[in-house]
Visitor: 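For reference, the structure I am asking about is given below.
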2 protein chains.
Amino acid sequence: MATIKDVAERANVSISTVSRVVNGTATVAAAKRDKVLQVMAELKYQPNSAARALAGNKTGMLGIVANDLADPFFATLLKGVETEARQAGMQVLAACGHHDAEQEEAAIRSLLSRRCDALIVHSKDIPDQQLLDLLSECPVAVVVNREIPEIADRCIWFDNLAAGYMATKHLLAQGHQNIAWLGRNQNITDNVDRYIGFCNALGQAGIDHNKAYKAFGEATVEGGYQLAYELIRSKSEVTAIMAYNDAMAAGCLRALHELNYKLPDDCSVMGIDDVILGLVVYPQLTTVNYPVEDIGRTAVKKALALLADQQLEMTNHFSPKVVIRGSVASLRKSVLRKSGS
Amino acid sequence: MATIKDVAERANVSISTVSRVVNGTATVAAAKRDKVLQVMAELKYQPNSAARALAGNKTGMLGIVANDLADPFFATLLKGVETEARQAGMQVLAACGHHDAEQEEAAIRSLLSRRCDALIVHSKDIPDQQLLDLLSECPVAVVVNREIPEIADRCIWFDNLAAGYMATKHLLAQGHQNIAWLGRNQNITDNVDRYIGFCNALGQAGIDHNKAYKAFGEATVEGGYQLAYELIRSKSEVTAIMAYNDAMAAGCLRALHELNYKLPDDCSVMGIDDVILGLVVYPQLTTVNYPVEDIGRTAVKKALALLADQQLEMTNHFSPKVVIRGSVASLRKSVLRKSGS
DNA sequence: GTGAAAGCGCTAACAT
DNA sequence: ATGTTAGCGCTTTCAC
């Protein structure tokens with residue numbers, strides 16, 4: 001591939017002049033500029049980013065650590081990040097943690113090694129202190145979906161507790177009392193917080209959450225399916241299911257269909273996340289919106305502001321919002337229907 | 001961040017020695033090696049990839065051009081690419097084309113500029129010749145989901161025509177005759193090929209495809225929904241819908257539910273792609289498997305082989321496979337049910 | 001086994 | 001407005 005030197009020689013100018021034309025860092029005589037531009041095209045010149053990074057001490061790359069790129073949740077986060085980064089002329093370098101502490105660390109290290117100008121980190125498996133330690137090597141790092149007190153101003157998170165609370169409140173408002181919790185069998189903060197929100201709402205309604213129906217499994221469509229299938233067969237008095245996330249809720253819906261439940265009247269189902277899955281199931285899922293794409297964009301904005309040393313004040317805390325669709329019915333209606341059949 | 005020089009000084013060795021320890025390119029006396037290792041840890045040394053790339057003339061980066069990272073299809077492709085790349089110790093650099101020729105070109109250029117060792121390209125909007133021209137600047141490029149005669153050996157594609165054909169055959173085998181085609185309103189080869197497959201199957205069954213029911217719209221859940229809704233209301237004699245992809249098929253299912261169709265008996269629906277959406281809808285979608293993740297992995301393997309100058313012979317052509325789930329019923333059953341109601 | 005030194009392609013002073 | 005030059009941090013000969 002052609003280098004800046006090749007271009008300079010062919011255009012009879014110095015490499016500085018070529019550099020100026022490429023970067024627009026200073027004015028160049030029109031004739032020379034045109035000649036350079038022409039030669040660049042002829043030679044299909046593409047500046048070497050490695051050399052640029054080395055000389056200029058910035059790479060123009062934004063690193064992002066996610067868990068699993070195929071998961072709609074991370075894919076959406078990534079999209080938000082990419083959109084915003086591209087607008088700022090930066091490239092996104094993605095590395096996967098695969099829900100594993102060691103791989104998460106390796107992912108961060110490789111991004112560090114690439115000298116990304118900034119890092120957006122989604123990590124659940126590395127302990128706070130170790131993460132802080134790793135990130136201390138990075139000029140700018142923003143943490144998403146996690147709150148670390150020491151760097152609270154560089155954390156962007158979603159209020160999972162409020163999400164669990166609001167979702168459950170919504171179910172209670174529809175008259176449901178026998179509400180089951182379909183949880184995730186993994187103690188990450190998301191899960192714990194949503195569950196606490198669930199318990200709080202129940203407690204406030206005078207329902208003892210210890211007596212609430214609960215089942216725990218994998219946070220996937222399949223996990224939700226299996227859990228719901230078992231639960232409903234043994235506890236037919238349950239009139240509403242609060243799932244940890246939309247994937248589980250979708251599995252849940254499928255199980256109920258298979259058990260010939262008429263939805264949503266025979267049983268209401270509520271999710272949290274608001275991913276695309278909720279739009280394709282029938283009935284469409286009533287859920288709580290988790291603005292992932294927005295979070296991704298905000299994380300990048302924050303990172304860019306930090307890079308530019310602007311103290312740009314912005315929310316780093318996103319609140320949930322209930323999205324009403326078709327999977328939750330009021331209990332009254334359900335009961336009427338049941339007694340009628 | 002610490003440099004190789006810092007490490008060398010602190011360990012009382014030359015930078016060459018540090019380099020040797022880091023890369024294992026030559027044996028170093030045990031004592032020195034240990035000292036270097038220790039200092040590296042103390043200083044949290046991370047080799048600067050830019051400098052490495054510049055000096056070593058390879059970046060260890062694999063570039064991938066996709067359209068939209070949030071689309072489950074590309075997300076899965078990306079996952080396959082990432083998995084395979086990571087095993088080979090390479091990092092993935094993603095750039096988006098956003099279904100637009102100019103942006104696709106910009107994406108490729110930026111990847112070229114980054115001096116990726118190899119490129120995996122998914123491009124639909126750039127004409128063959130221009131794409132060849134762009135890729136000629138890249139040491140190794142593999143094209144996915146497209147066949148360009150000049151570089152056929154570096155193309156990995158899926159037989160869309162066979163997919164359309166097999167899917168339609170499946171519908172015909174269930175006795176359906178009034179089959180509607182829910183197509184994409186954009187002439188990319190995928191769409192055209194699948195449609196030709198559809199027509200061929202129909203023709204073989206003695207059905208004039210010109211008279212077949214057709215509707216075209218956006219290849220999304222929403223697009224499928226709207227199209228199906230309109231189509232079914234005006235052409236109730238349709239007993240089966242062949243959708244361009246799973247997303248449209250999912251939208252289709254929703255429309256039918258809303259029209260109070262009993263599925264799959266009142267109307268069968270078939271998709272193509274086999275993405276996660278098909279597992280959450282009810283009934284689960286009968287579709288044709290498109291092994292995207294596999295294609296992603298194969299593309300990387302091919303790229304790596306090319307990099308290593310191995311002439312590794314491998315399939316660069318993936319065939320479809322029908323995946324039978326619950327959204328297609330045999331016509332006989334449907335008719336019986338209809339006359340009985 | 002180890003160190004010195006020459007680049008890799010570029011940017012950013014610094015001259016002119 | 002333009003050219004010269006000194007690095008950026010590393011790999012890789014080439015000597016010893």
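Each chain gets a letter, A, B and so on, in the order the sequences are listed, and its residues count up from 1.
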Visitor: Over its full length, what angle do the end axes of the helix from C/dG1-D/dC16 to C/dT16-D/dA1 make, each axis taken from five pairs and the result rounded to 10 degrees?
Guide: 40°
Visitor: Please say whether more than 12 non-hydrogen atoms of neighbouring residues, nucleotides or ligands are located less than 6.0 Å from CD in B/Glu102.
Guide: no
Visitor: Has A/Lys58 got more than 12 heavy atoms of other residues, nucleotides or ligands less than 6.0 Å from its NZ?
Guide: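 At most 12 heavy atoms, drawn from other residues, nucleotides or ligands, come within 6.0 Å of this atom.
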Visitor: Would you indicate whether B/Asn57, at its atom CG, is surrounded by more than 12 heavy atoms from other residues, nucleotides or ligands within a distance under 6.0 Å?
Guide: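 Count not over threshold, so no.
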Visitor: If you count the non-hydrogen atoms of other residues, nucleotides and ligands that lie under 6.0 Å from NZ in B/Lys5, is the total more than 12?
Guide: no
Visitor: OP1, OP2 of D/dT2 versus side-chain N and O of A/Lys32: anything below 4.0 Å?
Guide: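 Indeed, a polar side-chain atom of A/Lys32 lies that close.
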Visitor: Just by protein heavy atoms under 4.0 Å, how would nucleotides 7-16 of chain C read 5' to 3' in B, S and -?
Guide: BBBBBBB---
Visitor: Output all residues satisfying side-chain contact (heavy atoms from CB on, under 4.5 Å) with B/Glu105, sequence neighbours left out; order by chain, then residue number.
Guide: B/Arg109, B/Ile126, B/Gln130, B/Leu134
Visitor: Between B/Phe73 and B/Tyr290, what is the ring plane arrangement, given parallel below 30°, perpendicular above 60°, and tilted in between?
Guide: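 The arrangement is perpendicular - the two ring planes meet at more than 60°.
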Visitor: Does the pair B/Gln91 and A/Arg114 meet the rule for a side-chain contact (heavy atoms from CB on, under 4.5 Å), with working shown?
Guide: CA-CA 10 Å; B/Gln91 193 111 27; A/Arg114 296 281 173 203; 3.4 Å; yes
Visitor: Okay, side chain of A/Asp117, backbone of A/Thr59: is any donor-acceptor separation there less than 3.5 Å?
Guide: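 Yes: the side chain of A/Asp117 pairs with the backbone of A/Thr59.
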